[in-house]
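Have a look at the structure below before the remarks.
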Amino acid sequence: MDYCEKWKAERERNAFLVLADGTLFRGVAFGARRDALGEVVFNTGMCGYQEILTDPSYAGQFVALTAAEIGNYGINREDVESRGLFISGLVVNDLTPPSNWRSEKSLYEYLAENGVPGIYGVDVRALTLHIREHGNQKAFLCVSASLREEEAIMKAREWEGLDGQDYAAKVTCEKPYVFSNANPLTRIVCYDFGVKTNILRSLAEFATVIVVPAKTSTENVLALKPDGVFLSNGPADPAAVTYAIENIKRLLGKVPLMGICLGHQLLALACGAKTARLKFGHHGCNHPVKNLATGKVEITSQNHNFSVVPESVPDCLEVTHVNLNDGSIEGVRHKTLPAFSVQYHPESCPGPHDSKYLFAAFKELVEK
């Protein structure tokens, strides 16, 4: 079957996405031929679908991309952000074949090879508005035509969801590894809660980077004699990653710490703050964040459903950044110990480079 015939065949497969509240969205299936459960979120980025697909922070989620056309620049081996795809499914408006010189395969081939189902032809605008109004929801994606709609709704409602679930343990590496020996004089240990490759590249610009599994003990981390410890991004509910919170408590004051996304939430929890679910989360590469120290506004890349509760921030922490869309906390710094974190992704894959300075700030903290 040649390319055009495969494309036509894919367009003949029917599918539907049903939310736990019974709302149904019909479309055409592509990618892997298997049904799936997940939580639906929408991402407002105009590009970067390959980086989104390979971001472990999306584990357990169906990502609805709000850009009108997806697939036009295909897939290539250089833009992957992790060792695989952890996303539960992809929802798009219009799926287009690739027409870019960097493309090595189509998006639908990539999903099929990695066991990820997708659906296109969905009114993503209506889905996005529904989520904004009613919040993120559990859902069932049916691409096999083996289930009735009523059965699919029940499966969505009965699924355990992401609240209270430790997904960091599902996406972390199996054993420690050295990502880079760029600078033998500076050693950074990175806790892999779902780390992205460009985060490791950013750290490797000034240090040797050693990546360790999420459940690595404080003793084993300190035995590596790090000059700093990095707390990576990751999926699902931070309060469920109790072992990481306890390890961070033991690391505070012993070594400089920097956290992003899930790592930011875990650092705040270790200091005594609380986290809670946002109504529909932050997903995209165009979120405005204000740096309270400089007054500057950064356009940031974000992917999270939980955030630090403002009223719970302890006296030992200072809020450094806030989200200009909803006022939520986007960064904190310990007032007396060398530790800081941000809610967003300063490595910017995909996204703007406004926040790259944070890695330089971590470098300075480590060198001091």
Side-chain angles (χ1 to χ4, degrees), residues 38-67 70 79-82 84-92 116 124 128 131-132 135-136 162-163 165 167-168 170-172 192-200 202 230-238 241 259-268 275-289 298-308 321 323 325-326 328-331 341-356 358:
E39 179 179 283
V40 184
V41 301
F42 63 86
N43 185 296
T44 55
M46 296 297 290
C47 62
Y49 58 79
Q50 182 172 344
E51 292 91 336
I52 291 167
L53 287 169
T54 54
D55 180 354
S57 295
Y58 281 113
Q61 297 178 332
F62 297 132
V63 179
L65 300 174
T66 61
I70 300 296
D79 292 342
V80 296
E81 282 297 317
S82 68
L85 277 67
F86 298 94
I87 191 173
S88 293
L90 188 65
V91 184
V92 301
V116 177
V124 177
T128 299
I131 294 172
R132 283 183 61 89
N136 294 335
L162 300 181
D163 292 65
Q165 302 300 312
Y167 269 60
K170 298 183 179 183
V171 303
T172 189
D192 177 13
F193 303 123
V195 70
K196 294 170 65 180
T197 301
N198 207 48
I199 291 172
L200 299 177
S202 299
F230 187 87
L231 312 171
S232 85
N233 62 294
D237 189 346
V241 195
I260 72 161
C261 195
L262 181 68
H264 157 76
Q265 298 160 3
L266 293 173
L267 176 63
T275 55
R277 175 181 279 276
L278 294 167
K279 184 176 182 180
F280 47 81
H282 299 156
H283 309 277
C285 50
N286 46 13
H287 289 254
V289 168
E298 306 163 25
I299 304 302
T300 66
S301 180
Q302 305 209 7
N303 174 21
H304 61 103
N305 285 328
F306 294 81
S307 67
V308 177
H321 299 74
N323 189 295
N325 286 335
D326 60 12
S328 60
I329 293 174
E330 292 282 359
S341 62
V342 292
Q343 181 63 80
Y344 46 96
H345 288 214
E347 88 291 344
S348 309
C349 264
H353 296 170
D354 299 25
S355 307
K356 288 283 286 185
L358 290 164

Rounded to the nearest 0.5 Å, how far apart are CD of Gln50 and CG of Leu85? 9.0 Å
Using 0.5 Å steps for rounding, measure from the CG atom of Asp192 to the OG1 atom of Thr172. 4.0 Å
Flag side-chain contact, heavy atom, 4.5 Å: Glu347 against Ile260: yes
For the residue pair Gln343 and Cys261, establish whether any side-chain heavy-atom pair is separated by less than 4.5 Å. yes
Out of curiosity, Ser57 OG to Phe86 CZ, how far, rounded to the nearest 0.5 Å? 10.5 Å
Can you name the nearest heavy-atom pair linking Gly194 to Ser232, along with the distance? N-OG, 3.6 Å
Roughly how far, to the nearest 0.5 Å, is the CD1 atom of Ile131 from the CG atom of Asn136? 6.0 Å
Within a strict 4.5 Å, meaning less than it, do heavy atoms of the Ser341 and Leu231 side chains meet? no
Student check: side-chain heavy atoms of Asn303 and Lys196 closer than 4.5 Å: no
Side chains of Leu358 and Tyr344: does their closest heavy-atom pair fall under 4.5 Å? yes
For side chain to side chain donor-acceptor pair (under 3.5 Å), just list the numbers for Glu298 and Ser355, CA-CA rounded to whole Å, side-chain angles, deciding distance to a tenth of an Å, and then say yes or no. CA-CA 7 Å; Glu298 306 163 25; Ser355 307; 2.7 Å; yes
To the nearest 0.5 Å, atom CD of Glu81 lies from atom CD1 of Ile52 at 11.0 Å
Beyond-backbone contact of Asp79 with Tyr49, side-chain heavy atoms, under 4.5 angstrom: no
Is the shortest heavy-atom distance from the side chain of Thr275 to the side chain of Ser307 under 4.5 Å? no
Of all heavy-atom pairs linking Asn305 and Gly281, the shortest is OD1-CA, 3.7 Å
What is the minimum heavy-atom distance between Ile87 and Gln61, and which atoms define it? CG1-O, 3.3 Å
Partner residues of His282 under the ring pair (Phe, Tyr, Trp, His ring centres under 6.0 Å) criterion, sequence neighbours left out: His287, His304
Can you list the steps and then say if Thr300 with Gln302 is a side chain to side chain donor-acceptor pair (under 3.5 Å)? CA-CA 6 Å; Thr300 66; Gln302 305 209 7; 3.0 Å; yes
Closest heavy-atom pair and its distance - Val308, Ala268: CG2-CB, 3.6 Å
Test side chain to side chain contact (heavy atoms under 4.5 Å, CB included), reference Leu65, set Val91, Val124, Leu90, Thr128, output is Leu90
Looking only at non-hydrogen atoms, find the nearest pair between Pro235 and Phe193 and report the distance. CD-O, 3.3 Å
Provide the closest heavy-atom pair for Ser202 versus Lys356 in the form atom of the first, atom of the second, distance. OG-NZ, 3.1 Å
Exercise answer: donor-acceptor pairs, residues 40-48 side-chain atoms, under 3.5 Å, sequence neighbours excluded:
unit_1: Asn43; atom_1: OD1; unit_2: Gly45; atom_2: N; d: 2.8
unit_1: Asn43; atom_1: ND2; unit_2: Tyr58; atom_2: OH; d: 2.7
unit_1: Thr44; atom_1: OG1; unit_2: His283; atom_2: O; d: 3.4
unit_1: Thr44; atom_1: OG1; unit_2: Asn286; atom_2: OD1; d: 2.9

With a 4.5 Å cut-off on side-chain heavy atoms, are Ser82 and Asp55 touching? no
Ring pair (Phe, Tyr, Trp, His ring centres under 6.0 Å) with Phe62: which residues, sequence neighbours excluded? none
